[in-house]
Amino acid sequence: MTKILRYDSMNILVTGGAGFIGSHTAVTLAEAGYNPILIDDFSNAEPSVLDGLKSILGRAVTCYHGDCADRNLLRQIVSDFKISGVIHFAAFKAVGESMSDPLNYYRNNLGTTLALIEVMLEAGVSPFLFSSSCTVYGIPEKMPVTEETPVLPAMSVYGNTKQIGEEILQDTVAAGKKLKVILLRYFNPIGAHPSALIGELPRGVPGNIVPYMTQAAAGLRPPLTVYGNDYNTPDGYGVRDYIHVMDLAEAHVAALKYLLDKPDEPQCEVFNAGTGRGVSVLELIQSFERVTGVKMPYQIGPRRSGDVPMVYADAGKAQRVLGWQANRSLDEALADVWRWQQHLLK
Ligand code: UD1
């Protein structure tokens, strides 16, 4: 009798899987041999993302349309699929909106995290990646920031939901619950898949600089207002660590592999996900113009309240422990995001 060997790829639950970072991570997971199972409520994502994923991967990706705080839906998913790990992206992320509607942000961002942890513990699923942010470092005293840089009181409700999310997971692990957690602190994700079939789809006026720049360069928005050029930084402009979303997606796959290989003991580790390079707003504009050949219309305005003058990562721990580092250049990220913007205009 012939023995039929079946290779079943591991199912990885990706909450917020139709969003910007979630959709790019779904591609990278699938290309690494995992089967991403998405859940998204499409409150800040378009169903067309699923068509983009299908075109890139050559097959449809499973996606549940629903609320990740819905425990019954999560139970349904873990009964439909044997889930081997979870990547939790689902969250509201607009800083300004979080200040005017705090309860909505606390309910959504904490409610989804609590429901997910509880259902994963019930189902015995232990690898858990949490989307955190460099916003937890506040205005750091020393640069670059390492994972040991102190976490400072949050400056926004959004930032507080990330800090509390980290604490919920840390406390759950400290209580001996069987979760293997990585808190990935993202710096500034930009770019798009090189195919231009998926990318960032901001609703309304983009709050983040790169999507605003591409829309302004395409003539869809008034000139960019640069929020201050009198900071105590090398050229006076704000400095950030812009990371290509495909590099960030690869960081998730590396972190997942690391957790899957670890013994099933309660544990929680923190990693910065950045490039280690600080880039000023002026350098960003100059790169954009060089790469696209398009003049970036901009004017200098006052500082934006709550902005940090400078923050960039020490990316050494992820390289040493996870074997991951960001490989794509700023120019590549800007070329990809511009190609995506042109695709949107078609
Ligand atoms: C912002 C959030 C941060 C969040 C991150 C998610 C604030 C204060 N911080 O980070 O909590 O985790 O987004 O992506 O909102 N800039 C301009 N003009 C613009 C927009 C931005 O000059 O129209 C400048 C900013 O002053 C800053 C840089 O561009 O120096 C990056 O800004 P942005 O893209 O909004 O990201 P962060 O402020 O770093």
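Along the sequence shown, residues carry numbers from 1. Just follow the structure's listing: the first ligand is 1, and inside any ligand the first atom is 1.
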First-shell residues of ligand 1 [heavy atom, distance under 4.0 Å]: Val95, Ser133, Thr135, Tyr158, Asn188, Gly207, Asn208, Ile209, Leu224, Thr225, Val226, Tyr227, Gly238, Arg240, Tyr242, Val281, Arg304, Gly306, Asp307
Test of ring centre spacing under 6.0 Å for His252 and Phe271: no
Reference residue Ser132; test side-chain hydrogen bond (donor to acceptor under 3.5 Å, both in side chains); the match among Glu166, Gln163, Arg185, Lys162: Glu166
Classify the side-chain pair [X]/[Y] by whether it contains a donor and acceptor separated by less than 3.5 Å.
{"X": "Ser329", "Y": "Asp331", "result": "no"}
{"X": "Ser131", "Y": "His88", "result": "no"}
{"X": "Tyr237", "Y": "Glu283", "result": "no"}

Test: Arg303 cationic atom under 6.0 Å from Tyr231 six-membered ring centre, within 45° of axis: yes
